[in-house]
Protein chains: 2
Amino acid sequence: MDPFIAHLNAISPLTAEALKDLSSRFKYTSFKRGEIINQEGTICRRLFFINKGLVKHYYIHKDRKFIVRFFSENNVFTVLDSFILQTPAVFTTIAIETTEITMLSYEDIEELCKKHHCFETIIRKIFGMAATINLKRIKEMFDGDATELYESFIIEYHDLLQRISLGDIAGYLGISQVTLSRIRAKP
Amino acid sequence: MDPFIAHLNAISPLTAEALKDLSSRFKYTSFKRGEIINQEGTICRRLFFINKGLVKHYYIHKDRKFIVRFFSENNVFTVLDSFILQTPAVFTTIAIETTEITMLSYEDIEELCKKHHCFETIIRKIFGMAATINLKRIKEMFDGDATELYESFIIEYHDLLQRISLGDIAGYLGISQVTLSRIRAKP
DNA sequence: TTGATTTTTTAACATATGTAAAAAGAAAAT
DNA sequence: ATTTTCTTTTTACATATGTTAAAAAATCAA
């Protein structure tokens with residue numbers, strides 16, 4: 001079974017009809033390491049599912065690079081605000097590794113939501129989870145000094161650690177790479 | 001027309017049937033200044049709509065008080081993660097002013113979502129907006145030194161400024177009240 | 001292997017912000 | 001009006017973290 005379908009179906013079951021309608025709208029693509037998936041300033045018109053690979057959302061502010069979030073295989077992602085409001089993205093999305101993707105357009109999502117109640121339930125839950133995850137991140141950003149941030153990052157992103165550079169980790173934590181090195185250096 | 005109904009209907013139109021079902025489930029209550037609406041550690045079982053008043057989500061970490069968000073009249077709120085996952089809240093919700101509320105229980109929301117596609121559409125959009133708002137806050141927290149944070153706060157919360165203490169503003173910005181005073185002091 | 005490029009660490013210095021405590025000011029209570 | 005309480009500002013000091021630059025280590029290409 002297609003992993004994207006399986007993923008959605010696990011969130012909330014799809015009717016046979018919705019499933020058929022849904023699959024017929026899938027588009028497939030892939031991005032090489034370093035390729036831009038969605039550029040800051042352009043509207044994100046798709047919802048993505050990662051079959052394989054690793055992606056980051058980031059932006060530059062005053063010469064510092066901040067990483068909003070990483071997404072890896074078997075996860076849905078989009079540039080949330082840009083997708084929902086259909087406004088220009090304030091983040092750039094880029095492939096950290098070669099990444100294979102299945103996607104749905106904004107119009108397809110809207111149509112599927114309208115036609116299939118079961119699909120709208122899934123999107124409702126996905127957005128709810130996204131809101132929850134973002135809220136958790138706000139709390140983390142408040143809580144910690146850099147050391148704590150790094151420690152919880154290691155736990156939360158344990159399985160991705162080897163695939164993410166220290167520069168990117170620093171960017172995710174909102175600290176300089178120098179600070180990150182200092183933290184790692186101390187016993 | 002009931003302001004909560006008007007609010008929901010403006011997000012996405014309700015059918016007459018859904019509207020009737022919905023209204024019959026409303027519960028009303030109010031909280032005095034300083035009263036706890038939902039205590040940290042208890043599951044938040046309701047979605048709230050503020051008819052009048054002002055509320056904050058906060059939590060204590062290492063003796064510092066962080067304010068996650070303010071909510072004022074004509075807005076929906078809940079302890080998002082606690083409500084969605086029905087797990088104990090990590091924030092306390094408290095009334096800053098005397099606050100009048102209309103509310104729906106978790107079970108009612110789930111039932112309304114199941115019975116009325118139009119209602120699920122509304123909740124989908126509310127969660128989507130919540131996710132977007134939280135994402136925006138993450139970006140703000142990254143971006144700014146304390147001064148910038150304060151300046152954007154003044155703009156964003158302009159109409160609530162007189163109703164929020166400087167201590168609470170500092171808590172929202174994640175800085176000490178001393179730092180906030182310093183910022184306000186300089187030309 | 002060797003050289004080139006990228007990533008990570010280390011050093012020196014400047015500064016923003018936290019902590020603690022006291023003073024000043026405003027609001028509430030009697 | 002006077003006292004009490006709460007809020008805000010100010011001062012002095014300690015420290016975490018940013019910046020810049022250079023060195024070291026690791027990775028990649030030829």
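Chain identifiers are assigned alphabetically (A, B, ...) following the order of the sequence lines, protein sequences preceding nucleic acid strands; residue numbering begins at 1 within each chain.
- Taking atom CZ on Arg33(A) and atom C1' on dC28(D), their separation rounds to 11 Å, with Å as the unit.
- With hydrogens and angles left out, the side-chain atoms of Glu17(B) and His116(B) include no donor and acceptor closer than 3.5 Å.
- Note: Phe83(A) and Tyr106(A) have perpendicular aromatic rings, judged against thresholds of 30 and 60 degrees for the angle between ring planes.
- The nearest whole Å value for the distance from the CZ atom in Phe142(B) to the P atom in dT17(D) is 15 Å.
- Taking the ring centre of Tyr172(A) as origin, the terminal cationic atom of Arg137(A) falls inside the region bounded by 6.0 Å and 45° from the ring axis.
- At whole-Å resolution of the value, CG in Asp145(B) and P in dG18(D) are 12 Å apart.
- The pair Arg124(A)-Glu110(B) meets the salt-bridge criterion, with a side-chain N (NZ, NE, NH1 or NH2) lying under 4.0 Å from an Asp/Glu carboxylate O.
- In this structure, the side chain to side chain donor-acceptor pair (under 3.5 Å) partners of Arg163(B), at least two apart in sequence or on a different chain, are Glu73(B), Glu97(B).
- A donor atom on one side chain and an acceptor atom on the other are found under 3.5 Å apart for Thr102(A) and Asn51(A).
- Running 5' to 3' along DNA chain C, contacts with non-hydrogen atoms of chain B at under 4.0 Å begin and end at dT17(C) to dA20(C).
- When each of Ala146(A) and Val178(A) is assigned the nucleotide of DNA chain D bearing its nearest heavy atom, the one mapping closer to the 5' terminus is Ala146(A).
- Comparing dT17(D), dT20(D), dT9(D) against the side chain of Thr179(A) picks out dT17(D) as the nearest.
- Atom C1' of nucleotide dT7(D) and atom CD of Gln177(B) are separated by 7 Å, given to the nearest angstrom.
- The Arg64(A) side chain lies nearest to dG18(D) when the options are dT20(D), dG18(D), dT8(D).
- As rounded to whole Å, 16 Å separates atom C1' of dT27(D) from atom CD of Gln162(A).
- Nucleotide dT17(D) holds its C1' atom 17 Å from the CD1 atom of Ile175(B), rounded to whole Å.
- Judged as a ring pair (Phe, Tyr, Trp, His ring centres under 6.0 Å), and not counting sequence neighbours, the contacts of Phe26(B) are Phe4(B).
- The CD1 atom of Ile169(B) sits 15 Å away from the C1' atom of dT9(D) (whole-angstrom rounding).
- Of the two residues near DNA chain D, Gly167(B) and Ser176(A), the one whose nearest nucleotide lies more 5' is Gly167(B).
- When the C1' atom of dC6(D) is taken as reference, atom CG of Leu166(B) falls 13 Å away, rounded to whole Å.
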